[in-house]
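Every chain is numbered from 1 and lettered A, B, ... according to where its sequence line falls, protein lines coming before strand lines.
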There are 2 protein chains.
Amino acid sequence: MTAPNAPTPNLPAHEIVYRQIREMVLFGELAPGQPVTIQGLVAQLGTGMTPVREAIRRLTAEGALEFKGNRRVCVPDLTAQHLHELAFARVALEPHLAELAIKQATPADIDALEATDARVNAAISAGDIRSYLEQNYLFHTALYALSGADILCPMVQGLWLRVGPSLRIVCGRYGTLNLPDKHAEAIAALRAGRAADLSAAIRDDIVQGQDQIAAALAEAGGDSLA
Amino acid sequence: MTAPNAPTPNLPAHEIVYRQIREMVLFGELAPGQPVTIQGLVAQLGTGMTPVREAIRRLTAEGALEFKGNRRVCVPDLTAQHLHELAFARVALEPHLAELAIKQATPADIDALEATDARVNAAISAGDIRSYLEQNYLFHTALYALSGADILCPMVQGLWLRVGPSLRIVCGRYGTLNLPDKHAEAIAALRAGRAADLSAAIRDDIVQGQDQIAAALAEAGGDSLA
DNA sequence: CGGTCAATAATATGATCAAATTATGTCCTG
DNA sequence: CAGGACATAATTTGATCATATTATTGACCG
């Protein structure tokens, strides 16, 4: 009855809408500072306004969207201070999740991560920004998910949700050439069971990426990347 | 037409409802594992169901409520692992916020904190659990707010939102006698400008509190406090 | 003990109301 | 006479509610 590509017809509409808008933010379809209107999303996604409202509330709570004063919602525009806070939180949490993951990872898990990293490199070579953002996100997310941390993983995903739009801007402006890639070191450490090395690789990856955004922001002058 | 106690008629209803439910969770009016129905809240709060739906989505995103499979929402029941994750995140973030706060705090700010701490102690002496939870939350929140960290502060508040219900259970079960109170040390360090001491005091406060919950959970046997 | 039916609660749509922003026109000033 | 600013009106947008639809739960009957 349903089309073959309807894997989860039981999923509520607000969940679908939430994921759609979330991907728009994560992979840069919505730029920082860009206003987001409920009715615009209703028209764009072809659904009622209640699911859209609920999705926006959720994303606002996660920091992916921001209440801009008078009932106006937009994608947040990061300041240097915000970037600093995000870097601190990421360095505090993500290496720890990686260390937890090392105890749970099976060889099959590591192979899957390596395959994802190959797609990351392919995207970098091809200069495909969208694909790079997706696969890079997938690499980190999949690694952390191995930790089985029910609370910390969603927290970290919230941090990525805040960094996403700015990362997109930086990639679009300076290309995918000198992007951070400590993934190979991370995978090697994961295979060898060297927790400290894995932790360091992830930390370096984070710091490099954040430094690039910070540099772009400093070059842009003001508080904004827009 | 409206009652005299309508101080903010301009605030949207979903915001009001959100804060009401949030306080219920934070201060233990809703117990862990307790199911939360939309219509129950509609009847209890005397509002429409749309604001209630939006508030529930927001709280679910923050981890204060949990989607329990079949479109059922309830207050999460912490396992030992979840408690461990929360303790890690709190220790990673809250002492840092305290250190940031020390640079911004004015004498008036510190006096206000001391007044709040006095109310914490009064609540402990009186055995008033609800007041203790409120004032203790207020003490930490106000301290961290001094840091001016727009991203980290809401993150930490999300952590408190998850701990709240369990803390209430523990207080109700074992009383307010041997609760952690490193607040005096924290205030002294804050006045003296000793960042390391302040950081240590906050960390000890967190660890003691979490250890109490962990002990209660271990005594209860299973994964649950309920 | 299993299956079916009814009741209940959540999901989702559309309509209505209120608020805000934008655009326009007029008046005042240089 | 021209340009800008303020006030007002209109359109756009968000908030809320009432209602219909659907799925799940629990009970009752075979």
State the [atom1]-[atom2] distance between [X] and [Y], to the nearest 0.5 angstrom.
X        : Y        : atom1 : atom2 : value
A/Leu26  : A/Arg168 : CG    : CZ    : 12.5 Å
A/Gln135 : A/Arg130 : CD    : CZ    : 10.5 Å
B/Ile21  : B/Leu30  : CD1   : CG    : 8.5 Å

Side chains of A/Gln81 and A/Glu85: do they bring a donor and an acceptor to under 3.5 Å?
-> yes
Between the side chains of A/Tyr144 and A/Glu94, is a donor N or O closer than 3.5 angstrom to an acceptor N or O?
-> yes
In whole angstrom, what separates [X]'s [atom1] from [N]'s [atom2]?
X       : N      : atom1 : atom2 : answer
B/Leu11 : D/dT16 : CG    : C1'   : 15 Å
B/Arg72 : D/dG26 : CZ    : C1'   : 11 Å
A/Glu15 : C/dA10 : CD    : C1'   : 15 Å

Charged N to carboxylate O under 4.0 angstrom, B/Glu62 versus B/Arg58?
-> no
Among residues 36-47 of chain A, which residues get a heavy atom nearer than 4.0 Å to DNA chain C?
-> A/Thr47
Please work out which residues in residues 50-68 of chain B have a non-hydrogen atom less than 4.0 Å from an atom of DNA chain C and list them by number.
-> B/Arg53, B/Arg57
Give a yes or no answer on whether the side chain of B/Asp109 reaches the backbone of B/Thr106 with a donor-acceptor pair at less than 3.5 Å.
-> yes
Pairs under 3.5 angstrom only: tabulate donor-acceptor contacts from the side chains of residues 40-52 of chain A to other protein residues two or more places apart or in another chain.
none

